[in-house]
Amino acid sequence: MKNIFDETLESLAATLEHEGFKPFAAKQIFDWIYKKRVHDFARMSNLAKPLRQHLLDHYMVGRLETVRRVVSEDGTKKYLFGLKDHHLIEAVLMAHPYGKSLCVTTQVGCNIGCAFCASGLEKKTRDLTVGEMVMQVLEVESLEAERVSHVVIMGTGEPFDNYDNVMAFIDIINAPHGLEIGARHITVSTSGIVPNIDAFATRPLQVNLAISLHAPNDAIRSRLMKINHVYPMDALLESVKRYVDATNRRVTFEYILLDHVNDDIAHADELSNRIRGINAYVNVIRYNPVGEFDFKPSEETRARAFFDRLMKRGIVATYRRERGGDINAACGQLRIREQKGR
Ligand code: SAH
Ligand code: SF4
């Protein structure tokens, strides 16, 4: 049985045509599942009976099991979902003045294994399917009876290590016949998989790209992120430049501040020199502590000084307050807790 949420409009139309049905029925099916939210093929009354039967015989309408839903004092909501093969994944919903943004998971575990990240504590078990990503959005919308207006692909996993599925996921949530989330409201974050940054640059959609930089030089970055041995900073920054040239889009550099690791004034200067001239802004955020590691978040005053220095050196930057700290909202944390408790 195939999961209907794995299908893009194009793939569904092609399959239907191959099976002898009219390809335009794909639009009608999308309309039922994504607009009317009818998840029972038998109730899709405008489809010909043989097609309804075909769908019943070959497709299932997937569901995620909601294992846990935790609400933070600041309103951030975290979900622990069970997959069909019983693996657990997380999603986080944040309320903003401009809408609700959902942080979506792309893999079970993560092979990149960054030194500070709870998600990297476990090697990747498998990639998520397209449908398992789509269902995170649908399940949260149904649980909260609210529309998800923004999607950040920043949950557990490296999106560019599950590239094709993540691209199909983006197509479905963005499409007018799908969830209609504007491309500018979608952000994908990568630890810096250079070949797929280049691939991403060739795509027409105006989806935002975030790069997890976290360091001003190779020595520090390699210590924090093993991937830096494969794609060192020069190669990474060159690919970012190519991306900006090709797309005219501004990128975001994520920079988590780790106490006395990457948060000196000298580091801010080094970072400024390194990225000057690239159409980008730096998202400075204090580290969300993870019990398994010794890293600490920078003190507020150090964080503020680092941020001020970047601005003074002419780098566009934002300093975000961290959210959901009381519910282990940092990437991968709840899942780790839950598995230990089991
Ligand atoms: N694998 C991708 C996307 C998922 S991680 C990537 O690394 O970009 C999303 C972001 O959360 C990354 O910038 C990552 O470095 C950051 N992150 C991971 N653990 C964190 C923590 N404990 N506190 C703050 N940010 C964290
Ligand atoms: Fe994987 Fe991103 Fe965590 Fe690194 S920060 S281990 S790439 S999820």
Side-chain angles (χ1 to χ4, degrees), residues 76 78 89-92 94 101-125 127-128 133 136 151-163 165-166 169-170 186-194 196-197 200 207-215 220-231 236 240 251-259 261-263 280-298 303 318-337:
T76 301
K78 184 142 187 167
I89 58 164
E90 303 179 1
V92 180
M94 288 159 289
S101 80
L102 185 69
C103 180
V104 169
T105 282
T106 56
Q107 298 179 318
V108 180
C110 181
N111 275 342
I112 310 293
C114 300
F116 50 81
C117 176
S119 294
L121 279 169
E122 267 177 74
K123 283 219 161 290
K124 176 178 92 173
T125 311
D127 289 329
L128 292 198
M133 292 183 262
Q136 292 174 55
V151 166
V152 292
I153 307 174
M154 289 197 185
T156 300
E158 169 47 56
F160 281 6
D161 180 42
N162 185 13
Y163 186 79
N165 286 352
V166 168
F169 164 64
I170 289 174
I186 302 172
T187 302
V188 57
S189 175
T190 178
S191 58
I193 313 284
V194 167
N196 282 339
I197 294 174
F200 194 62
V207 173
N208 304 303
L209 177 65
I211 308 284
S212 296
L213 199 58
H214 305 328
I220 297 178
R221 194 162 191 273
S222 296
R223 189 184 144 200
L224 297 175
M225 306 175 75
K226 285 185 302 194
I227 190 77
N228 197 65
H229 295 295
V230 187
Y231 305 111
L236 175 58
V240 170
V251 298
T252 307
F253 287 120
E254 302 284 342
Y255 199 102
I256 51 172
L257 287 174
L258 300 156
D259 188 47
V261 173
N262 63 358
D263 64 346
Y281 77 93
V282 180
N283 206 351
V284 177
I285 182 164
R286 284 169 70 226
Y287 179 59
N288 215 326
V290 176
E292 283 78 359
F293 307 124
D294 290 336
F295 294 111
K296 289 192 199 60
S298 303
T318 53
Y319 177 31
R320 280 191 294 155
R321 70 193 166 91
E322 56 274 46
R323 306 182 55 130
D326 56 323
I327 55 164
N328 296 319
C331 182
Q333 284 195 82
L334 188 67
R335 185 169 155 260
I336 298 281
R337 297 281 167 280

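Side-chain atoms are counted along with the backbone in the values below, which use heavy atoms only and exclude waters and symmetry mates. First listed ligand is number 1; within each ligand, the first listed atom is number 1.
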For atom 1 (N) of ligand 1, which candidate among Gly157, Gly155, Cys103 provides the closest heavy atom? Gly157
Just by distance, no angles: are the side chains of Gln107 and Asn162 close enough, under 3.5 Å, to form a donor-acceptor pair? no
Using heavy atoms and a threshold below 4.0 Å, how should the contact between Thr156 and ligand 1 be classified: side chain, backbone, both, or neither? neither
Please state whether the separation between atom 4 (Fe) of ligand 2 and some N/O/S atom of Cys117 is under 2.8 Å? no
Side chain to side chain donor-acceptor pair (under 3.5 Å) against Asn228, all qualifying residues, sequence neighbours excluded: Asp218, Arg221, Ser222
Once you round to the nearest 0.5 Å, how far does CZ of Arg286 lie from OG of Ser298? 7.5 Å
I'd like to check which ligand 2 atoms, numbered from 1 as shown, lie under 4.0 Å from a non-hydrogen atom of Gly113. 6 (S)
I need the atoms of ligand 1 closer than 4.0 Å to a non-hydrogen atom of Val290, numbered in the order shown. 22 (N)
If we ignore angles and hydrogens, is there a donor and acceptor under 3.5 Å between the side chains of Ser191 and Glu158? yes
Can you list the atoms of ligand 1 that are under 4.0 Å from a heavy atom of Thr190? 6 (C), 8 (O)
Scan side-chain atoms only and decide if Asn283 and Thr252 contain a donor-acceptor pair under the 3.5 Å cut-off. no
Can you tell if the side chain of Leu128 reaches within under 4.5 Å of the side chain of Gln136, non-hydrogen atoms only? yes
List ligand 1 atoms under 4.0 Å from Ile256, heavy atoms only on the residue side. 24 (C), 25 (N)
Any idea which atoms of ligand 2 are less than 4.0 Å away from a heavy-atom of Cys114? 4 (Fe), 5 (S), 6 (S), 7 (S)
Measure Asn288 to ligand 1 on non-hydrogen atoms and call it side chain, backbone, both or neither using the 4.0 Å cut-off. both
Heavy-atom contact under 4.0 Å between Ser212 and ligand 2? no
Is the ring pair Tyr287/Phe116 parallel, tilted or perpendicular, if the boundaries are 30 and 60 degrees? perpendicular
Distance (rounded to the nearest 0.5 Å) between His214 NE2 and Glu254 CD: 7.0 Å
Paired with Val92, the side chain to side chain contact (heavy atoms under 4.5 Å, CB included) test is passed by just one of Thr105, Val152, Thr76, namely Thr76
What are the atoms of ligand 1, with element, lying closer than 4.0 Å to any heavy atom of Glu158? 1 (N), 2 (C)
Atoms of ligand 2 under 4.0 Å from any heavy atom of Gly157, numbered from 1 in the order shown, are 8 (S)
Could you tell me, atom by atom, which parts of ligand 2 come under 4.0 Å of a heavy atom of Ser191? 7 (S)
Residue Cys110 vicinity, atoms of ligand 2 by number, heavy atom under 4.0 Å: 1 (Fe), 6 (S), 7 (S), 8 (S)
Strictly under 6.0 Å, is that where the ring centroids of Phe200 and Phe160 end up? yes
From Glu254, Gln107, His214 - option closest to atom 16 (C) of ligand 1 by heavy atom: His214
